[in-house]
There are 2 protein chains.
Amino acid sequence: MSDAVAPAGYDPSAYPPFAVTSDIVVLTIRGGELSVLLVERGNEPYAGCWALPGGFVDIDEPGEETARRELVEETGLEISSFHLEQLRTYSAPQRDPRMRVVSTAYLAFLPDLPAPVAGDDAARARFFAVRDIEAGEVTLAFDHDQILADAVERARSKIEYTTLAAAFVEKPFTLGDLRRVYECVWGTRLHPSNFARKVLSTPGFVRSLDVRGASQFEGGRVGALYETGDATVLHPAILRPTADEEDER
Amino acid sequence: MSDAVAPAGYDPSAYPPFAVTSDIVVLTIRGGELSVLLVERGNEPYAGCWALPGGFVDIDEPGEETARRELVEETGLEISSFHLEQLRTYSAPQRDPRMRVVSTAYLAFLPDLPAPVAGDDAARARFFAVRDIEAGEVTLAFDHDQILADAVERARSKIEYTTLAAAFVEKPFTLGDLRRVYECVWGTRLHPSNFARKVLSTPGFVRSLDVRGASQFEGGRVGALYETGDATVLHPAILRPTADEEDER
DNA sequence: GGAATAGTGTCTTTTAGACATTATGTA
DNA sequence: TACATAATGTCTAAAAGACACTATTCC
């Protein structure tokens, strides 16, 4: 902040009418696909279009709180606690045709959820496979395609050097479950044995529960169960294959 | 954005009075120290305190443009083009005692600059060693200590896996110059030969000019000169020593 | 010459990646 | 039984890190 136009004796009619909003990108793994939660807009502009959940920030409300509140109001998803981080702020002057809207996007990583229901302001709410949106089968309202692209890139990058991949699975989980998170988010296949070696050699990534149980996703031999460890960053990182692998799962 | 409180027929007096600002963190290397540009505030609140340059966003102005404009207005630094990226947005309700101010911070990496001069709204402007601020010798206005800490961590992290370290040196530069950037930003020493091997084995990081010249910083044998290459990301990354090195240069 | 940096080369350890093999569960 | 996944182990290549030694330039 500078001292310019210091609004000490504030005159609302003289001050430019900025709107401040929060949008939330909820990513999860559903049916082997990285998926994002969208709501169908009921009102203009972009009525009938799919968009990210979000809404206007109250004057005394932290932006992150707005994101959590709108998620509940628009989709009925009531989740006790989950990882939520700021993505970035979108403030192009014409991004909303109504007025100048400065929107801060937040990013949430969640394990597979019960189906959402439409809430107050949204006609419908459901998960979409990110792959379909990237393929252009769905076009989002406002600049939400760009926000989603930034969010997915953040997710793909962040699971490399943090333990956030574990936020996508219910605990307890098997190493196969965790590996499938990486495969779904990156859209590649990983060697199971090399992956397990890396995860287990990273202190604090996972903690063994010394019991066995079925995978959350697929059949076959049941594996050892793990829970999330204390670490938040990974040394060394688990790096993405450098795009010379086979294309898809 | 949701449809809530859609301000189609907009009534300024009914809409909460948000202020939207941009702050800019200008980092450079001066005298072997990672340094940040600060301005001394002329007005309340925090009059006489040092703060990051910044100011209110115009209603039809992109936030990034505000950051560039305020940098010139407050410090007189007229730089043609430089790397500027969004850091994050700070919107705690009480971060400014006057009113609700949502501020987006931007981060610039620059080579050593001529001394700045105070501009319109700032009493003085000068560079401070980040080390001194981290040591608590200077306390910044508002939440700018937090913004600076986030910016420095971003810089320390980003030179690991991008070519941004080159933005801190004038081109042409020697490999010693580039290594000193890493050493100043991380506060560590690096093995000159291993560093050179890594940089030269990373395609597109630097391009040899096939001439020799003096280092920008220190004496000794003059080395080969390089310019910035085409790459923007580094494969493999140049990782920070894991905090079991000697403390300082 | 002395000091400081540039540059080359070598050796060891760690990590990544590919892959073979065996074990154990489900349909 | 067929099949899918878990788990262990081996081999090779790449990269990191430590360090010795020579070369060049400024003072």
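Keep in mind that the numbers below use all heavy atoms, side chains included, and drop hydrogens, waters and symmetry copies. Chain identifiers are assigned alphabetically (A, B, ...) following the order of the sequence lines, protein sequences preceding nucleic acid strands; residue numbering begins at 1 within each chain.
- No donor-acceptor pair closer than 3.5 Å links the side chain of A:T163 to the backbone N or O of A:V233.
- Nucleotide D:dC19 holds its C1' atom 16 Å from the CZ atom of B:R189, rounded to whole Å.
- Along DNA chain C, the nucleotide nearest to B:Y226 and the one nearest to A:H235 differ in position, and the one closer to the 5' end is contacted by B:Y226.
- Scanning for side-chain contact (heavy atoms from CB on, under 4.5 Å) contacts around B:P111 gives B:E170, with sequence neighbours left out.
- Taking atom CZ on A:R179 and atom C1' on D:dT5, their separation rounds to 8 Å, with Å as the unit.
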Can you tabulate the close N/O pairs, meaning under 3.5 Å, that link protein atoms to atoms of nucleotides 20-22 of chain C?
none

Could you pull out every donor-acceptor pair under 3.5 Å between side chains of residues 82-89 of chain B and any protein atom, sequence neighbours left out?
{"from": "B:H83", "atom 1": "NE2", "to": "B:E85", "atom 2": "OE1", "distance (Å)": "2.8"}
{"from": "B:E85", "atom 1": "OE1", "to": "B:K158", "atom 2": "NZ", "distance (Å)": "2.8"}
{"from": "B:E85", "atom 1": "OE2", "to": "B:R154", "atom 2": "NH1", "distance (Å)": "2.7"}
{"from": "B:E85", "atom 1": "OE2", "to": "B:K158", "atom 2": "NZ", "distance (Å)": "3.3"}
{"from": "B:Q86", "atom 1": "OE1", "to": "A:T89", "atom 2": "N", "distance (Å)": "2.7"}
{"from": "B:Q86", "atom 1": "NE2", "to": "A:T89", "atom 2": "O", "distance (Å)": "2.9"}
{"from": "B:T89", "atom 1": "OG1", "to": "A:T89", "atom 2": "OG1", "distance (Å)": "2.3"}
{"from": "B:T89", "atom 1": "OG1", "to": "B:T104", "atom 2": "OG1", "distance (Å)": "3.0"}

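- Among the heavy atoms of the strands lying under 4.0 Å from B:R197 is at least one base atom, whether or not backbone atoms are also near.
- Summarising the geometry, the separation between CG on A:L225 and P on D:dA7 is reported as 9 Å, rounded to the nearest angstrom.
- Separating the CZ atom of B:F195 from the P atom of D:dA18 is a distance of 15 Å, rounded to the nearest angstrom.
- The two residues A:E64 and A:Y106 make their nearest non-hydrogen contact at N-OH, 3.3 Å.
- Of the listed nucleotides (D:dA16, D:dG17, C:dG17), D:dG17 has the atom at the smallest distance from the side chain of B:N194.
- Nearer to the 5' terminus of DNA chain D, by closest-nucleotide assignment, is the contact made by A:A224 (compared with the other of A:A224 and B:R212).
- In this structure, B:T75 contributes its side chain and B:V72 its backbone to no donor-acceptor pair below 3.5 Å.
- Put simply, OH on A:Y161 is 21 Å from C1' on C:dT15, counting in whole angstrom units.
- Counting to the nearest Å, the P atom of C:dT15 and the CG atom of A:L239 are 13 Å from each other.
- A:A141 is linked by a side-chain contact (heavy atoms from CB on, under 4.5 Å) to A:R41, A:Y46, A:C49, A:A51, counting only residues two or more places apart in sequence or in another chain.
- A salt bridge is defined here as a Lys NZ or Arg NE, NH1 or NH2 lying under 4.0 Å from an Asp or Glu carboxylate O, and B:R156 with B:E134 meets this definition.
- With A:F128 as the aromatic partner, A:R126 meets the cation-pi criteria of under 6.0 angstrom to the ring centre and within 45 degrees of the ring axis.
- Considering only side-chain atoms of B:H191, the nucleotide from D:dA6, D:dA18, C:dA16 that sits closest is D:dA18.
- Counting any heavy atom pair closer than 4.0 Å across all strands shown, A:A196 reaches no nucleic acid atom.
- When each of B:A237 and B:V222 is assigned the nucleotide of DNA chain D bearing its nearest heavy atom, the one mapping closer to the 5' terminus is B:A237.
- B:R180 has its CZ atom 10 Å from the C1' atom of C:dA4, to the nearest Å.
- In this structure, CZ of A:F173 is placed 19 Å from P of D:dT5, rounded to the nearest angstrom.
- Between the axis at the start and the axis at the end of the helix from C:dG1-D:dC27 to C:dA27-D:dT1 there is an angle of 20°, using five pairs per end and rounding to 10 degrees.
- Sorted by first and then second residue, the side-chain hydrogen bond (donor to acceptor under 3.5 Å, both in side chains) pairs with a member in residues 223-235 of chain A read A:R207-A:E227; sequence neighbours excluded.
- Salt-bridge check for A:R69 with A:E65: failed, with every basic side-chain N at 4.0 Å or more from each acidic carboxylate O.
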